[in-house]
Amino acid sequence: MPFSPFFRHISDYPSDRETGWSEELQGVTHDDNNWFITQRDRLWKMRVTVDLNSAINGPDPNRGIFNVPIPPELKAYNHMGDPDHFEGHLFVPVEKIDSTRVASIACIDAETLRFIGSALVREQREHASWCAVNPADRFLYSSTFDNNTSINAYEFTIDAAGFKIKLHHKISLTDRGRSFTLNGIQGGVFSVDNAENFLYLSSNDDDSRGVHVFRWPDGKRVQTISIPRDFFGAGEEIEGLTFWDLDGGIAPGIRGQLHVLELDNDSAFPPDDVKGFKHYRLIQFPFVANSNPRCREVHRSDCRFIDLMKSEHKVGYRSFRKALDDRYDACHFCIGGKFDRR
């Protein structure tokens with residue numbers, strides 16, 4: 001049965017910490033054993049057992065810590081975005097800040113951090129702040145930074161000739177049945193769980209700051225995780241994100257499934273620090289209520305009317321009885337029966 005995803009913030013770790021990898025922090029991904037973190041001009045690989053709150057000042061092979069600069073083959077670029085890992089390869093978006101140079105996606109061997117090749121994303125011109133491979137359909141997705149009403153899906157190949165991509169199709173973003181525009185995209189990642197497929201996009205735009213969750217491939221926004229600024233938080237910036245179930249305890253200080261980087265740009269007092277590596281737990285609810293005072297109904301999580309709710313009005317319930325106790329009416333269409341007071 002389909003479910004509606006809900007995320008509960010559980011911790012920030014590290015928090016307000018100046019680390020060797022926090023300066024110009026951009027994005028994060030992982031394989032089964034390692035974090036991969038991008039700064040503007042450097043890629044880090046760190047074993048998941050490394051405490052990210054510890055002193056990390058440079059490569060330390062004994063601890064499983066490595067880093068490399070932007071590959072010489074990409075010296076025309078000066079900015080790496082939010083990367084993704086898929087089947088032993090890293091896909092890293094690269095841009096030339098303050099330039100009209102067409103952005104590229106770089107392919108890097110995850111084991112050795114060896115550069116394999118790169119491909120231009122001409123449809124996006126100079127912007128590629130993120131990219132992510134969807135394991136469900138094996139397309140590589142990316143977009144521009146602002147004014148996104150759709151996401152680009154690329155076919156890609158990796159062989160002896162290098163790395164190639166080709167635009168295959170676009171998927172429109174919608175919210176409650178209408179076209180949706182997302183600005184300030186900083187990161188993206190997909191999750192697949194029990195045949196449910198979701199895209200998570202982080203935004204640093206003042207009007208949409210946080211993480212937006214879209215059901216895939218229909219592109220419907222189903223939840224927004226708001227991440228407000230602190231009162232004096234002008235330099236705080238939402239960056240990349242990744243999806244990794246770490247409730248098993250292999251990562252020191254970190255639990256949850258969705259992990260989002262927030263950078264504190266200390267322009268006056270460098271270096272930058274990690275405002276918070278934010279960790280969220282995925283909670284799957286069989287029932288979803290609409291807290292809008294004009295509605296006040298509870299639905300099964302696969303009810304089509306859930307798509308019409310505003311994300312801030314969605315309230316998850318594990319128990320139908322508890323929703324009734326909280327004075328919600330039963331949806332006439334998906335539940336009905338004696339609990340429907342319509």
Side-chain angles (χ1 to χ4, degrees), residues 2-3 5 27-36 38 43 45 80-94 102-124 127-144 148-174 182 185-202 211-222 240-245 257-259 282:
F3 66 85
V28 59
T29 187
H30 69 90
D31 62 12
D32 290 341
N33 302 298
N34 303 279
W35 296 105
F36 298 93
T38 51
L43 169 66
K45 177 180 180 178
M80 291 191 288
D82 187 40
D84 198 23
H85 173 273
F86 183 68
E87 294 185 346
H89 297 98
L90 295 172
F91 301 90
V92 185
V94 289
V102 175
S104 286
I105 305 294
C107 181
I108 294 173
D109 183 273
E111 177 65 28
T112 64
L113 302 185
R114 176 182 62 86
F115 176 73
I116 295 173
S118 65
L120 297 173
V121 282
R122 299 185 185 279
E123 299 78 13
Q124 299 173 197
H127 292 300
S129 57
W130 70 280
C131 66
V133 177
N134 184 355
D137 59 24
R138 302 178 70 88
F139 287 116
L140 174 68
Y141 289 84
S142 187
S143 75
T144 60
N148 291 286
T149 59
S150 63
I151 302 298
N152 296 323
Y154 296 92
E155 293 179 302
F156 67 91
T157 58
I158 306 169
D159 54 30
F163 172 60
K164 297 178 181 179
I165 65 173
K166 180 181 179 181
L167 181 67
H168 186 271
H169 64 278
K170 296 174 178 281
I171 291 185
S172 297
L173 303 179
T174 63
L182 186 58
I185 299 179
Q186 298 276 62
V189 68
F190 284 91
S191 72
V192 179
D193 187 358
N194 296 326
E196 292 289 327
N197 194 193
F198 297 98
L199 170 64
Y200 309 82
L201 295 175
S202 61
V211 178
H212 300 259
V213 187
F214 297 88
R215 192 170 59 216
W216 218 252
D218 57 22
K220 294 180 179 179
R221 186 170 69 155
V222 295
L241 71 172
T242 195
F243 196 94
W244 192 5
D245 187 354
Q257 288 74 42
L258 185 64
H259 313 278
L282 171 64

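Side chains are part of it too, since the values below use all heavy atoms of this structure and drop only hydrogens, waters and symmetry mates. We're numbering straight along the sequence, starting at 1.
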Counting only heavy atoms from other residues, nucleotides and ligands, does the tally under 6.0 Å from CD of Glu111 exceed 12?
no
Looking only at non-hydrogen atoms, find the nearest pair between [X] and [Y] and report the distance.
X      : Y      : answer
Cys107 : Ile158 : SG-CD1, 3.7 Å
Ser104 : Ala128 : O-CB, 4.4 Å
Phe190 : Pro135 : CB-CD, 4.1 Å
Pro83  : Val28  : CD-N, 3.6 Å
Ala132 : Asp84  : CA-OD2, 3.3 Å
Arg122 : Val102 : CA-CG1, 3.9 Å

Candidate pair Leu113 and Leu90, rule side chain to side chain contact (heavy atoms under 4.5 Å, CB included), full reasoning:
CA-CA 8 Å; Leu113 302 185; Leu90 295 172; 4.1 Å; yes
Any side-chain donor paired with an acceptor under 3.5 Å for [X] and [Y]?
X      : Y      : result
Asp245 : Gln257 : yes
Ser143 : Gln124 : no
Asp82  : Gln186 : no

Minimum side-chain heavy-atom gap [X]-[Y] below 4.5 Å:
X      : Y      : answer
His259 : Trp244 : yes
Leu201 : Phe214 : yes
Ile108 : Phe91  : no
Arg221 : Leu173 : no

Does this structure show an ion pair linking Arg138 with Glu87, if we count only N-O contacts that are shorter than 4.0 Å?
yes
Which label fits Phe243 and Tyr200: parallel for a plane angle under 30°, tilted from 30 to 60°, or perpendicular past 60°?
parallel
Quick one: sort the His168 and Phe139 rings into parallel, tilted or perpendicular, breaks at 30° and 60°.
tilted
Nearest-0.5 Å distance, CD1 of residue Ile171 to OG1 of residue Thr149
12.5 Å
Just verifying a value: how many Å separate Ser172 OG and Asp218 CG, rounded to the nearest 0.5 Å?
11.0 Å
Does the separation of the ring centres of Trp216 and Phe198 fall below 6.0 angstrom?
no
Determine, stepwise, if the pair Ile105 / Val92 fulfils side chain to side chain contact (heavy atoms under 4.5 Å, CB included).
CA-CA 6 Å; Ile105 305 294; Val92 185; over 6 Å; no
